[in-house]
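A, B, ... follow the sequence lines: proteins, then strands. Residue 1 opens every chain.
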There are 2 protein chains.
Amino acid sequence: MQDSAGREMAAAAGPCANIPADHMAFIRQVLDRVGDKWSMLIIAVLRDGPLRYTDLQRQIPGISQRMLTHTLRQLQDDGLITRTAYAEVPPRVEYALAPLGRGLHEIVLQLIGWAADHHDEIRTHRARAGTAPSSSRS
Amino acid sequence: MQDSAGREMAAAAGPCANIPADHMAFIRQVLDRVGDKWSMLIIAVLRDGPLRYTDLQRQIPGISQRMLTHTLRQLQDDGLITRTAYAEVPPRVEYALAPLGRGLHEIVLQLIGWAADHHDEIRTHRARAGTAPSSSRS
DNA sequence: CCGAATCCCATAAGATACTG
DNA sequence: CAGTATCTTATGGGATTCGG
């Protein structure tokens with residue numbers, strides 16, 4: 001690994017080591033889908049069981065109907081959640097985690113755990129970045 | 001699954017059971033930050049060691065300079081990565097995972113692993129959703 | 001030359017009034 | 001109750017340009 005162009009090699013040889021170029025494509029696809037602002041939150045919130053549209057809206061403060069509907073539809077299309085509509089007089093629609101979504105859910109939980117453990121560190125760093133003009137930032 | 005997540009797991013009684021409202025706030029903040037289109041990808045790609053600006057651009061096909069710079073700066077401000085600029089004749093800037101980012105990196109790896117394991121299932125579902133006009137969609 | 005900022009446009013997200 | 005329509009705003013991407 002230490003030849004003349006050692007530094008370049010690090011990037012080019014063992015390169016992308018665990019992330020082969022052909023995997024890059026669907027990693028991006030999956031990350032684009034589940035890694036957006038709301039998908040993970042919806043998946044996290046669905047862990048206790050099926051929820052109705054309004055319940056989701058209540059439990060995820062700040063989401064708009066537009067985004068709720070949109071994200072639910074995407075997750076449904078991807079097979080991560082299921083949608084069950086009951087043709088009753090007061091219309092009732094329940095969303096639940098599909099088996100596929102349950103696997104992702106565990107990872108989301110870890111992410112949330114990580115967020116819980118480190119959010120104050122992040123906040124500290126973020127604050128310092130704003131108040132520390134000493135470094136290389138204009 | 002670690003205790004960090006386990007803490008949330010424990011209670012499942014009422015509404016918002018495992019995700020107390022006060023936690024919701026920073027969960028959203030962290031998810032907003034790392035859950036965008038590129039942050040995770042950058043973190044994933046940095047696992048092999050420091051990378052230069054152009055290397056990142058090469059290893060993350062599709063990212064624009066604008067977004068690369070922007071996302072790098074955010075990650076840097078949050079203390080997830082470090083930026084080292086060498087005032088050399090051919091300018092060289094290296095980005096590396098900071099300790100904080102390394103923790104997140106492991107979770108990102110799991111997400112990528114999950115993506116690798118299930119991307120074809122997702123694709124199947126996605127395709128079916130597109131070709132199955134029979135169900136409850138408009 | 002490499003790293004990054006700026007301008008301009010396309011698209012996605014947000015708010016909310018409205019409908020089946 | 002669940003979701004759509006529509007308007008506005010924020011964000012992302014491409015090309016170009018500046019700076020070291």
Side-chain angles (χ1 to χ4, degrees), chain A residues 5 7-8 10-12 28-29 31-42 45-46 50-78 81-96 129 133 135-138, chain B residues 15 25 28-29 31-42 45-46 50-77 81-96 129 135-138:
Chain A
R7 195 175 16 72
E8 250 69 343
R28 269 210 46 195
Q29 287 184 17
L31 249 43
D32 268 19
R33 191 54 58 99
V34 305
D36 70 272
K37 201 170 178 177
W38 303 112
S39 297
M40 297 222 200
L41 237 22
I42 290 177
V45 152
L46 279 178
L51 285 178
R52 307 172 54 168
Y53 188 89
T54 341
D55 292 331
L56 285 166
Q57 215 174 351
R58 261 187 44 235
Q59 301 210 13
I60 306 178
I63 196 171
S64 59
Q65 291 110 318
R66 185 177 150 77
M67 277 300 103
L68 181 53
T69 303
H70 183 70
T71 310
L72 285 171
R73 180 152 296 179
Q74 277 186 159
L75 292 172
Q76 182 195 356
D77 284 353
D78 286 356
I81 64 173
T82 58
R83 184 194 122 120
T84 317
Y86 301 91
E88 301 172 351
V89 177
R92 183 161 60 99
V93 180
E94 284 189 344
Y95 294 91
S135 76
S136 53
R137 292 275 279 287
S138 68
Chain B
R28 270 211 44 197
Q29 286 186 17
L31 249 43
D32 268 19
R33 191 53 59 99
V34 303
D36 70 272
K37 204 170 178 178
W38 303 112
S39 296
M40 297 220 199
L41 236 24
I42 291 179
V45 153
L46 279 179
L51 285 179
R52 304 175 54 170
Y53 188 88
T54 343
D55 292 331
L56 285 166
Q57 216 175 350
R58 262 189 42 235
Q59 299 209 14
I60 306 178
I63 197 171
S64 59
Q65 294 108 318
R66 183 176 149 78
M67 277 301 102
L68 182 52
T69 304
H70 183 71
T71 310
L72 285 171
R73 178 149 298 179
Q74 277 187 160
L75 293 172
Q76 182 195 357
D77 284 353
I81 65 173
T82 59
R83 183 193 124 117
T84 316
Y86 301 90
E88 299 172 353
V89 176
R92 181 161 60 98
V93 180
E94 286 190 344
Y95 294 91
S135 76
S136 52
R137 289 283 275 290
S138 74

Nucleotide N/O of nucleotides 7-13 of chain C paired with protein N/O under 3.5 Å:
unit_1  : atom_1 : unit_2 : atom_2 : d
dA13(C) : N7     : R66(A) : NH2    : 3.2

TODO: Please report, rounded to the nearest Å, how far the P atom of dG3(D) is from the CD atom of Q74(A).
DONE: 15 Å
Open item on the list: Just the rounded figure in Å: distance from C1' of dC2(C) to CG of L72(B).
Closed with: 14 Å
- [ ] Quickly work out the Y86(A) OH to dG3(D) C1' distance and round it to whole Å.
- [x] 18 Å
- [ ] Using whole Å, report how far CG of D32(B) lies from C1' of dG12(D).
- [x] 15 Å
- [ ] State whether Y95(A) places a side-chain N or O below 4.0 Å from either non-bridging phosphate oxygen (OP1 or OP2) of dG3(D).
- [x] yes
Open item on the list: So, taking the atom named CE in M67(B) and the one named CD1 in I60(B), what distance separates them when rounded to the nearest 0.5 Å?
Closed with: 13.0 Å
TODO: Could you tell me the separation between the CZ atom of R58(B) and the CD1 atom of I63(B), rounded to the nearest 0.5 Å?
DONE: 14.5 Å
TODO: Would you mind reading off the distance between R52(B) atom CZ and dC1(C) atom P, rounded to a whole angstrom?
DONE: 13 Å
Task: With sequence neighbours excluded, residues passing salt bridge (Lys or Arg N to Asp or Glu O under 4.0 Å) with R92(A) - done: E88(A), E94(A)
Task: d(CD, Q57(A); P, dA15(C)) in whole Å - done: 11 Å
- [ ] Please tell me which of the listed nucleotides, dA5(C), dC1(D), dT4(D), lies nearest to the side chain of T69(B)?
- [x] dA5(C)
TODO: Before giving the answer on side chain to side chain contact (heavy atoms under 4.5 Å, CB included), spell out for L68(A) and L72(A) the whole-Å C-alpha distance, their side-chain angles and the decisive distance to 0.1 Å.
DONE: CA-CA 6 Å; L68(A) 181 53; L72(A) 285 171; 3.7 Å; yes
- [ ] From the options D78(A), T71(A), D77(A), select the one residue that forms a side-chain hydrogen bond (donor to acceptor under 3.5 Å, both in side chains) with R33(A).
- [x] D78(A)
TODO: Find out whether D55(A) and Y95(A) are in side-chain contact, i.e. whether some heavy atom of one side chain is under 4.5 Å from a heavy atom of the other.
DONE: no
Task: Separation of atom OH in Y53(A) from atom P in dT19(C), rounded to whole Å - done: 17 Å
Open item on the list: Judged by each residue's nearest nucleotide on DNA chain C, which is more toward the 5′ side, Q65(B) or P91(A)?
Closed with: Q65(B)
